[in-house]
Amino acid sequence: MKNPAPSIFESMQNINGVRPQVNCSVCNTGDIHINGLEGPYTFVLIDGMPIVSGLSTVYGLTGIPQALIERVEIVKGPASTLYGSEAVGGVINVITKNPSLAPQLSVETYASSWAEINTDIGYKYALGKTNALLGVNYFNYQNPIDNNGDNFTDLTLQNRFSIFNKFTFPRKKDKLFSVAGRYVYEDRWGGEMNWNSSYRGGDEIYGESIYTSRWETFGTYQLPTSENISFQFSANGHKQNSYYGDTFYLAEQYISFGQLVWDTKIGKVHDVLLGAAYRYTNYDDNTPATAVNSVNEPAVTHLPGLFVQDEITLAANNTLLLGARYDYNSIHGGIFSPRINYKWNSNDKEDVIRISFGNGFRVANVFTEDHAALTGNREVVFTEELLPETSWNANINYVKNIITKNNAFITIDASSFYTYFTNKIIPDYETDSSKIIYDNLDGYSVSKGISINADMTWQNGLSVLAGATVMDVSVIEDGVRKRQLLTESFSGTWSISYAIRSLDMKIDYTGNVYGPMDLPLLNDDPSDNFTDPRAPKSPWYSIQNIQATKSFTNNLQVFGGVKNLLDFTPAANSILNADDPFSERFDPAYVYASNQGVRMFLGVRYKLF
């Protein structure tokens, strides 16, 4: 790992076109933006199963033991044909290790100069002929720091425990049967420096205290047939007990999912994937989101669906993929999602071109997805019943693979993307500074841009991965175009690694750079001479890290370095009225980056094969 992190959320900060967005200066919750689209448009899977969504969008990416992660796959752009609702902006698929191939024992632990402690443990064992993999993650941070002098914690205090277990069962003809489960508990709080749990829910000293309890299970079973037919399933429950100052938020969500998938060939040129899926969601909270005529009524959604995908081999170097999906939402009715993809590669496969076009849809969970609806002192207003968002997307991708005369390997990956949204749900912070107004956009929204990556490796031990994305995410309403809030027009990432083979040491220098974003301000009020003193745009900023890793044996590594080398943090007045947090104009939603400054870290990795 080139930049160790206690969660998947933080690990994404050096991937081109992907930005972890902190949504609250107090409790430091966040989501992951892909190509400028907010976190709820990103569908998060674990081993291909939909696990993180709805209520867990903000918290579900923490606590996955990194010792168990084989790799993370990222798909940019809509993928609703295969994955349905929520896969509008992109897909993040966390692939866990195969128990039979994992190390017998793996341990990674490190601590930072801010007194953060993170430990990941993976242990492989057997129950008869069944292989199993146990993973444990523990993260603890209990050291209140206020470097910007606003009397609020710069980093939320956290105590998080997660346990994961995956089983693979022996089957005839190597048919797959795997089952996994995870449990996460987290206690986090941020707020005024003199806050403690005795003030929870009170109006004397401000704090945001969040208790999260979550369980998950998922698996795959290949049917004992001559055809490749598999049943995939998942279920999860998420409970949240929170206070944002004296605002109480209590919520529960239960989701179950199952799908039957048949992968078959028809003739020599058709590779067909057929599937039937069903998803059940039960969501309940103590907000207007689940209130009908002032009476609490949990939101229950049934979502059956059918999908088909045909990969057609037109020639040795030409492939056409046609896909379609039909879902029936028990609240909003039928939704159709077609998609077409074309791929061409040169005979030597040094050049690859991909073109895709299709649409997606999304049903929003406002309170679970927009943290600003809970924090601060704004009133939440719905002007109408919210309809599903729809999008149309086009993408062109070109990949060039080069091998130089001195055997350096270079891959250039360039993409252009365009997404057109209707019925988009965008929180309005500006019309009335005392309110957050939710409704469907009376107009349209566009996300468009270009992205380029270069991956270069030399035989002398040097490797460079660099990328940049230029994009425009805008809202057009009543003929007026506005840039979307909290969305950068330029971002760049890099990772430079050098292996010093004579010392069994590796140096990793990673970083990112972001252009200015429009930020949410409170409206000026001439009646009492109020003007929001905060800047309307964020500055250019960069988060850079360096790490040295020393291998002592094949089993033991020691690593250390510095995070946020430039010690960048947002402006000290990011929290408006921090000295009067129970006032009407207290606002912690003006945030685009973490308040955590420079810190050192030191850790150990051990593997027993």
Side-chain angles (χ1 to χ4, degrees), residues 19-33 36 38-40 58 145-156 190-193 206-208 210 244-245 247 366-367 369-381 426-438 473 475 482-489 491 514-525 528 530-543 564 568-597:
R19 181 171 68 87
Q21 163 69 36
V22 179
N23 292 328
C24 175
S25 294
V26 181
C27 67
N28 299 147
T29 54
D31 53 32
I32 295 178
H33 292 202
E38 299 95 326
V58 175
I145 292 176
D146 177 27
N147 285 338
N148 62 9
D150 62 1
N151 194 40
F152 272 73
T153 53
D154 290 345
L155 179 67
T156 180
E192 294 186 88
M193 290 291 287
Y206 188 90
E208 297 188 359
I210 302 164
Y244 301 88
T247 300
V366 172
F367 278 85
E369 297 171 355
D370 194 341
H371 185 72
L374 299 169
T375 191
N377 291 307
R378 300 194 191 210
E379 178 188 358
V380 175
V381 176
I426 299 176
D428 178 1
Y429 298 89
E430 298 175 330
T431 299
D432 186 335
S433 61
S434 67
K435 299 177 180 179
I436 304 175
I437 302 171
Y438 291 93
V473 182
V475 175
K482 289 185 178 180
R483 282 187 57 194
Q484 182 172 286
L485 295 176
L486 294 168
T487 303
E488 70 279 9
S489 57
S491 66
Y514 295 106
M517 312 174 201
D518 289 344
L519 301 175
L521 298 177
L522 297 189
N523 285 344
D524 296 344
D525 187 352
D528 62 359
F530 170 76
T531 300
D532 195 324
R534 300 172 297 183
K537 290 181 180 290
S538 64
W540 285 85
Y541 73 94
S542 177
I543 305 296
N564 197 357
F568 173 81
T569 55
N573 68 341
S574 293
I575 299 179
L576 186 65
N577 284 331
D579 58 345
D580 191 9
F582 292 98
S583 68
E584 290 185 358
R585 292 198 177 106
F586 172 69
D587 180 25
Y590 174 102
V591 58
Y592 52 91
S594 172
N595 285 311
Q596 192 176 20

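Please read all numbers here as calculations on a predicted model, not as lab measurements. Along the sequence shown, residues carry numbers from 1.
For the pair Gln21 and His33, the tightest heavy-atom approach, listed with the atom from each and the gap, is CB-NE2, 3.4 Å. Closest approach of Ala589 and Pro520 over heavy atoms only: O-CG, 3.8 Å. What you find for Val591 and Ala593 is that their closest heavy atoms are CG2-O, 3.6 Å. Looking at every heavy atom in both residues, Pro570 comes nearest to Ser574 through CB-OG, 3.6 Å. Annotation for Phe586 and Ile575: closest pair CE1-CG2, 3.4 Å, computed over non-hydrogen atoms. The two atoms that bring Pro516 and Ser538 nearest to each other are CB-O, 3.2 Å, heavy atoms only.
Remark: Thr153 OG1 to Asn595 CG distance equals 9.0 Å, nearest 0.5 Å. A distance of 11.0 Å separates CG in Leu155 from SG in Cys27, rounded to the nearest 0.5 Å. The distance from the CG atom of Asp532 to the CG atom of Asn577 is 9.0 Å, given to the nearest 0.5 Å.
Within the 4.5 Å cutoff, the side chain of Glu208 has no heavy atoms near those of the Phe152 side chain. Between Leu519 and Leu486 there is a side-chain heavy-atom pair separated by less than 4.5 Å.
The backbone N or O of Asn147 lies less than 3.5 Å from a partner atom in the side chain of Asp154, making a donor-acceptor pair. Not a single donor-acceptor pair under 3.5 Å links the side chain of Tyr590 to the backbone N or O of Ser25. Side-chain atoms of Thr487 come within 3.5 Å of backbone N or O of Leu485 as a donor-acceptor pair. With Asn151 contributing its side chain and Glu192 its backbone, the two residues share no donor-acceptor pair below 3.5 Å.
Ring geometry for Phe568 versus Tyr592: interplanar angle of 30 to 60°, hence tilted.
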Side chain to side chain contact (heavy atoms under 4.5 Å, CB included) assessment of Asn148 paired with Thr569
CA-CA 9 Å; Asn148 62 9; Thr569 55; 5.8 Å; no
With side chain to side chain contact (heavy atoms under 4.5 Å, CB included) as the criterion, how do Leu522 and Arg534 come out once you've worked through the C-alpha distance, each side chain's angles and the decisive distance to 0.1 Å?
CA-CA 9 Å; Leu522 297 189; Arg534 300 172 297 183; 4.3 Å; yes
Determine, step by step, whether Tyr541 and Glu488 satisfy the side chain to side chain contact (heavy atoms under 4.5 Å, CB included) criterion, reporting the C-alpha distance in whole Å, the side-chain angles of both residues, the deciding distance to 0.1 Å, and the verdict.
CA-CA 11 Å; Tyr541 73 94; Glu488 70 279 9; over 6 Å; no
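Between Asp518 and Lys482 there is no salt bridge, since no side-chain nitrogen of the basic residue lies less than 4.0 Å from a carboxylate oxygen of the acidic one.
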